[in-house]
Structure formats: C-alpha cells, structure tokens
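Okay, structure first, notes after.
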Amino acid sequence: MTSSAPQDANKPTAEKADRSEKSAERGAEQGAYRATLNMPDTPFPMRGDLPKREPAWVADWNAGGRDGGLYMRLRAARKGAPLFVLHDGPPYANGKLHIGHALNKVLKDMIVKSRQLAGFDAQYIPGWDCHGLPIENAIEKLHGRNLGRDAMQAKSRAYASEQIGQQREDFKRLGVLGDWEMPYRTMDPANEAGQIRAFKRVIERGFVYRGLKPVYWCFDCGSSLAEFEIEYADKKSDTLDVAFEADDPAALARAFGLAALPGDGNKKAFAVIWTTTAWTIPANQALNAHPELDYALVDTPRGLLLLAASLVEACLTRYGLAGTVVATAQGEALRGLVFRHPLHDTVSAEQGGKYSYHRTAPLYLADYVTAADGTGIVHSAPAYGVDDFNSCVAHGLAYDDILNPVQGNGVYAEELPFFGGEHIWKAVPRILEVLGQSDRLMATQPITHSYPHCWRHKTPVIYRAAAQWFIRMDEGEGVFTQDKAPKTLRQLALDAIDHTAFYPENGRSRLRDMIANRPDWCISRQRSWGVPVPFFLHVDSGELHPRTMAILDQAADIVEAGGIEAWSRVTTEDILGAEDAARYTKSTDILEVWFDSGSTFQHVLRGSHAHAYPGASHHDSGPEADLYLEGHDQHRGWFHSSLLLGCALHDRAPYRGLLTHGFATDGQGRKMSKSLGNTVEPQSVTNKLGAEIVRLWVASTDYSGDLNIDDKILARVVDAYRRIRNTLRFLMANTSDFDPARHSVPAAELLEMDRYALTRASALQAEILGHFERYEFHPVVAKLQVYCSEDLGAFYLDVLKDRLYTSAADSHARRSAQTVLWRITDAMLRWMAPFLSFTAEEAWAIFAAGKTSGSIFTETYADLGPVDAALLAKWGRIREIRDIANKEIEAVRTTGAVGASLQAVLAIEAGPEDAALLRSLREDLRYVTITSAATVVDAEALAVRVSPSSAVKCERCWHYRDDVGAHAAHPTICGRCVSNLEGPGDVRTFA
C-alpha cells in the first residue's frame, strides 16, 4: 500500500509522516490484508513531552558525579584522543540566570559536543567569577555599607557559594555537560594564590608600575575602574564659557605684537574657555592652547577676549556680544602667559583654606586642543583629565601640587571654599551662580552628550587622579624588573591578534583597535572582596619594601593555605618584623576582577585543573586554549584582559581562536528590560516547552548578530522541532525490525535510488561537519530541516513507502531501503546530538539498544562513504522532472479527473537526454512518480500528460493494475502483491 503523496510533497514532514502511517492503517483495515503489510512501529513517541521527561535525563547524566556520571564516561571514551580545550569565561556568581546565560552556555555545550563527536577529548570545565563589586554590592544591599573587611569577605564567600549552587542546577537543566562536581572558581584558594603568582611574573617582566594619574572612578563603586568597565550613554550637562583674567596685560599685548592693549589700560583682558564639566572649575590649575592654531584678541563690551580666530563669530553670538578683532597671533606666541583663576578675587568665609582660588593658571601648549567647538582654549584640572594631567606634568607640575578636592564618594572636601561638602553633580548650579556673581560666566546652556558610565551601576563616572598600580602598555620602567619582555605589551598583543582565528572575522579589527588605542591598565581597586595586592609601602617615600618579590611568594603560600582571608589577618609585623613594621604600611588594595578572570588560563589550565588538560600547553611557554567564547562586549572585557595577561606572561594570547556572539533581544530587536516587560526567562521556557527548545533556538539563530526571542519565535522553533522529531520517528519506525549485523545490504547491491539517498546524506554530512569545524550551527539546523522536508519527506521516504510496506519483509528490495534508512538515522542522530541533545539521546537508547555503550556522545560521526557526484547529478535531474510531474498531477486532481496520484497514468514527453534518463529506470519509473503507470515519449521539449487509469485498484497496495484478480485465491489484489505474499516477490532495480 502506498499513499497518494504528490499533493503532499511540500507539506510539513511531521504531518506527512503521521498521516502516512494512519492512512496505511486505515487502508489495511478496509481489506483482508492488514497483517500482510510491514507497518511501521517504534517505541519512540511522537510527542516529546520535554518538560516532564528532560529532568530524568539530566538526573541520569549526572548520577554518580565524578565517579560515574556521563561526563566522566565521555572522558574514559576519549582517553588518549587529541585534546580540544574550550576555556570557560566565568559568569559572575551573582543572581538568577537570564536568557543571555542560557545562550552562552548552550552555545559552548554545542561546540564541545560537536568536537567530542569528531573524536576529540573535548572537556568542559565550567567556571565562576567570584570576587569583585557585583558581589560586594549584593552584600551591601543585604547587610549595609559599613561592614568591615573580614565580615565583607566572609559574607561574600558564602553568598558566592550559594549563587553558584543555584546557577549550576540551571545550567545542568539546559542539558549542558561538564565537570559540574569540580568547576573552577576564582575564589578557590589555589586560584587566588595562582593570581598572586601570575602578578609576580608580570612584575618580573617589567610591566607593573605605580603612578598618580587620572583613572575612571565610580562613586557608587567607591573605586577606580578599568577601560573594560566603561560604557557610554547620554548625559545631560550644563556647558559654560568662563573668562580667565590676564595676570599680566602687557605680556598679552606683546604676544600679539601690540605696544599696549586697547582702552588706555582700563579694559580687562580674558582668555575664555568652554567646558561641559563645571565641577572641575574649582580645581583648575592651567590653560592649554594649540601651538599652530590662530588666535584672535577681540575687543568687546565685556573686555578683550582671547579666542581661536576661527571661532570668534560663533563665540560672540553665544555671548550676545558685538566685537572687533584687534590682532591675531599663532598659539606658539601665547606660551607662558599667565591668567587668574575665575574666582581669584571672590571672597568667601572659607578664604584662606587649602583650596583657595587666589591663584593663577599658566597657559601651556598642547596638541590635543582643537578648534572644532568651544573657544579653542582648554582649561586644565589635571586631577580630572588624562590630557590635562599629561600636559601639566610635562610642563613641570609636581604630583604633590595637583589639586584633588573631589573625594572617592563624589563629594568635595569640606575645606573647599563655596562648595565644600557638596556632591559634584549637585554643586553645578552653585558653581554657575558663583561664577555669574563674579562676572566670569560668559554663557551657559544645557546639552545632552555621550558620557562614560559605570557598566555595573549605569551611573556617570569621572576621571580622578589617584595613586594606583598599572600594567604598562608601552616603553617605560617597571618595579623589580628581572626578566624584561622582548617587546612592549601593546606590540606583543597586536602580534598575538594576527595569530588568532576570529569567529566572526570582524572581531579581529574590533579587538585590534581597542588594543592599539587603550591606555595603561589600572589594576588596583580600593575594595575588600578580591585578591590582595600584597605590597608594603614606605610611610614616607611610598617605595616598595626591598623584599617585595619574596613577600609575593610568601603571600601566595598564605593565601593558598587559607584563602584571601588569611592574608587579611596577617599584620605588617608578621611579615616584616617589628623594626620594619614601624616604617612600612600594608596595602589594602585588591587586584581588579578582570585580572582575576583574565589570568584563569594560567592557574586553571596549568593549575587547579591541569589534570584535565594534560595537553593544553601546545607550547612549552604556557597553556593555550583552542577557543574562548563570549558575547561581543568581551572584546573590551575578558578577551581583552586575557590577551594582555597571556602576552605579559608568555608573549602570546592564551587562545587560538575567539568566538563572539550577540545578545538576546526581544522579537523586535529591543534590549530586554523589566520596565519594558519583554524579558524571557530560560527557566520559564524550560518548564513550559523544554530545554530542548531553548537549545534549538540557540542553534537555529545566527549568533554573529543579536538573537531575537519571544513567544512567536519560540512557537516557530517548536514547530521546527516537531518536524525533525517526526521525521526521526518515521525513520526509526521503519527500521524497527532491521538488524544491521544480519540484514545490511552491501553498498554495491543497493538499489540505485538507495545509493543516491546514501550519497546525498554523505554530501550533507560533509557540509554539516564543515559548519561544525567553523562553529556554525544555524546553517546546520536550516539544512537539516530542508533535508527532512525535501530530501526525505517530499522524495525519498515518499517513494519508499510502497517498497517498505508492501514488499516481502525480508526481501532484497526492502532490506536495501532499510539499510540506507538505518545509516541515515545513525548519521542524523549524531548530527543532531550537539544541539538536540535530549532527543538524540532518547532516540539513541532505542535505536542502538544493546549495540553501544549507551550514550550517543561516546560515538563519533558515521562513515557514509564517498560522495558520488554523478549519481547526485542524475537523480537531481530525475527529482526536477518528478516535481514537474507532481504539479501536473495536482492540476488534474483539482478538476476531479483523478483522485490519488496512484490513479494517474503519465506520459512524459522528453528530449533525448531526459528520455534516456527516464527510460533507464524502466518499470521503476512509476514508483518514482508514485503513479500506476508511466511511459516516456520522445519529443523536443519536456511535458507531462496526465490521464486517469482504467484499471482496477489493488486492495493491498492501492495501485491500479490490469492484473488485479488474476489469481483466483486473491481476487482483490494485483499480481505483484501476490508475488510478495506467496512467491519470490517483485523485483526492484532502481526504486
């Protein structure tokens, strides 16, 4: 019996597979030959029932832990195989998993599993980032902001451990296989000690120094930030043009080649600056102009104004003034002029305090000044800007003389006149008021501009000068250098990028640009929960203790034995002795968290988990991972810090490849937020639809961009899953009585269409494995769906049904088909396994029962034999002609002239090549077209003529044949069916 399937050729495979089985059963029940048909049968259910059944597989995979769980069985199966190392970028041990976590971990799992099936010992050691501000912030919310260091460390460690436990169960639930019983945690004492030892090595190679310079500072964090921790967002500010009075008008006149300033000496002269940071005005110490810009001296009712010549008109308009240019001069001529602070003569109750404004501002020359906007003159508060700082220091300003009235919490020091005790953001209106009262405010207006923010708190940050520890990017002296690196860190990192593979490739230029332009790396933080900077500084000179390098070793040993808490309890006297303890102070700084995660390759791959990665060191100089994989924001985060530390320690990157993925966004491409109500929780999806749907969503989406997700998108993923599952069910149902050891037909004896189907599968597998090599999954899912729908559902399986159902059970024709179906199923389960892990494992337990070790993940990709290009071309053309025939049959069906396609008789008119091709199929042409008769007619062009059959319908196979009833014992079936029941069976050669 065969379904009249041409009208169904483009319908979903799931529907077709289901309908074909049911129609076969109905047809059999109508006649007396039901028991004679080879009906499909399998315990593999049509419904996955994923939310209910997946937890059992998760439990089974993890049963026995490190003694007998699936992960350790995989390690045993790959013992001695080539190693593949995907080093896990550690998420923070803080908070409930979101869909971005699921995306990241599932993608990693798919890559590891695809490499495992490729024959590699593909291990996965999950990790967690445990130190740093996110956890301190969580503790402060729970217990207040006044905890001592010991209490903060104890509570942070307990909190991180609790969070890891929760997150680990959610990761397991997603079907992620890994060494969950022995992950790495940056707070493990061995890893904390490893960071100190790595820090020592970076010092030895000449990269570490202490310096006073402006660094990003977050008031909410109460600490300096690295470049990695900054993001830009719009901020509303007040712009202001401020006048600085010339301290020596005669010198200003000489700079412009004038004997004297206009106005008989009664008119004051001012240099005018423009800024968006009103809060920096109290800390002004200099002005800067460009040596090659032209400057104008402009006579106005407000006085003589010094402005960039190209900006005079715009400035006067802004000030509401008319003016005349008196003279011009190049910036070089202004060198050494001195101007008074705008509040120079303003009297307050605090006058005479430490930050008195009765001071002057020398004018320096600097290349960073531009005439793009403003006035062409920049005011310098060296504590609050990198360019300002560099200019002032280059012109001789001593570190001790740099004014820094803004405290770590954003509040001005109490002794600052007018503004002491106020927060800088709240003080801006007061600053504008005082400047206006002093007649030094030329103009002000609001502006919205891009401004740096803390990526954790989403609040504005400032540059703030502080004595910090830095890793140097370019030439310079480091502390305690013993084994100087052959190149600068910037040069080493740029070289390493050239030797790294990027997925996608555009990540290369992004990381290169960041490395090429980044400043020195500030690695010290003023917090409690983190790996210590175990330094002792002289109380007067600030110099390090001469035994610093030995102390670092001692500190690492102490931390390894008792964690960072043990070092916190150590006193200066314990380490230095009573005599030195009086002259040195113990640093309370910690290493910033990017040093923690960025150095994990060193103390995980070669330290805490060296047993798992015996071959991770591809070079003697250090460990190296095959792949790092994170979101594209990590070009400025983990990828970045790992690259710098890999080069600082070993002159090369710690990874051979970098893969970046986009973020999870809603169906409209918007960032997810609770306020918009567009968040998707992976736990909810898993509970409702199953983790397999989350996995298929990840696999089917192009991760090189952002990944959209919402209920409608998930519904489409569910539909795709059902189609794949039901195709798999059809395959398994029709091979349930097939034992490959006893029933397999040799390749040379397979029917030609079966050989075609096998070589088509082989060609597809080559494409799939190529995608897996490039860590691409969405093309695999797309091609698998097309394969199930078109290659199998709409063609091969459609044609096979007659042979599978009606041929003798053990006939060559049926066993030939089953041989290929079994091999396709065997291969397809392995293709699916990396992303549809639960389904592949479920099916494998049935399909390969008693024949393997029990898990598909211990297997490797199937050998489907070489691709026969000639056979692909031949049957590709046959399928094209068949599609044309199907359309003609469908057109006739709509008229009612024929019902099922088996009622049709075809006359195919064809040119010489097509005619020869079709005639080569002989009698089997009718099986390929699923009609009761098909003949070939020579013609110039291809055309298909359809007419209804005049023969009688066979009750068993539903073909319309003239020999129905020819056998007296079987009056309702055709001769072919009689032969299949009682004789040698019908002979198939091609289909």
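Here the structure is a predicted model, which means the values were calculated and not measured. Index from 1, following the sequence.
The aromatic rings of Phe595 and Trp521 are tilted relative to each other, their planes meeting at an angle between 30° and 60°. The aromatic rings of Tyr628 and Phe639 are tilted relative to each other, their planes meeting at an angle between 30° and 60°. Taking the six-membered ring where tryptophan is involved, the planes of Trp455 and Trp594 are tilted, since the angle between them lies from 30° to 60°.
Here the side chain of Arg302 pairs no donor or acceptor atom with the backbone of Met442 at under 3.5 angstrom. Side-chain N or O atoms of Arg518 include none that pairs as donor or acceptor with a backbone N or O of Arg490 at under 3.5 Å. In this structure, Arg205 contributes its side chain and Ala648 its backbone to a donor-acceptor pair below 3.5 Å. Trp274 contributes no side-chain N or O that, together with a main-chain N or O of Asp373, makes up a donor-acceptor pair within less than 3.5 Å. Not a single donor-acceptor pair under 3.5 Å links the side chain of Asn708 to the backbone N or O of Gln668.
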Go through the steps to decide whether Glu231 and Lys458 satisfy the test salt bridge (Lys or Arg N to Asp or Glu O under 4.0 Å), and finish with yes or no.
CA-CA 8 Å; Glu231 62 185 17; Lys458 312 302 179 185; 2.9 Å; yes
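Evaluation of the side-chain contact (heavy atoms from CB on, under 4.5 Å) rule for Asn284 yields Phe244, Leu287, His341, Ala361, His379 as partners, not counting sequence neighbours. Taking Glu313 as the reference, nothing meets the side-chain hydrogen bond (donor to acceptor under 3.5 Å, both in side chains) condition, with sequence neighbours excluded. For Phe389, the ring-ring contact (aromatic ring centres under 6.0 Å, His included) partners are Tyr399, not counting sequence neighbours.
Side-chain contact, Tyr463 with Asp388: no donor N or O sits under 3.5 Å from an acceptor N or O. Residues Asp220 and Thr459 have side chains that bring a donor and an acceptor to within less than 3.5 angstrom of each other. For the residue pair Asp247 / Thr360, no side-chain donor-acceptor distance below 3.5 Å is found, with atom types taken as modelled. A donor atom on one side chain and an acceptor atom on the other are found under 3.5 Å apart for Gln526 and Gln468. Side-chain atoms of Ser438 and Thr346 form a donor-acceptor pair, as typed in the model, at a separation below 3.5 Å. A side-chain donor-acceptor contact under 3.5 Å links Ser380 and Asn288.
Taking 4.5 Å as the limit, some side-chain heavy atom of Ile497 sits within range of a side-chain heavy atom of Phe502. Using a 4.5 Å cut-off on side-chain heavy atoms (C-beta onward), Tyr368 and Val386 make no contact. Between Leu658 and Arg508 there is no side-chain heavy-atom pair separated by less than 4.5 Å. With contacts defined as side-chain heavy-atom distances shorter than 4.5 Å, the pair Val312/Tyr295 does not qualify. The side-chain heavy atoms of Glu136 and Ser528, taken from C-beta on, include a pair separated by under 4.5 Å.
Within 6.0 Å of CD in Glu477 there are 12 or fewer heavy atoms belonging to other residues, nucleotides or ligands.
To the nearest 0.5 Å, atoms CG (Leu492) and CG (Leu644) are separated by 10.0 Å.
Ion pairing between Arg527 and Glu592 fails under the 4.0 Å rule for side-chain N and carboxylate O. At a threshold of 4.0 Å, the pair Arg525-Glu229 counts as salt-bridged, since one of the basic side-chain nitrogens sits closer than that to a carboxylate oxygen.
Ring centers of Phe535 and Phe199: under 6.0 Å apart, within the cut-off.
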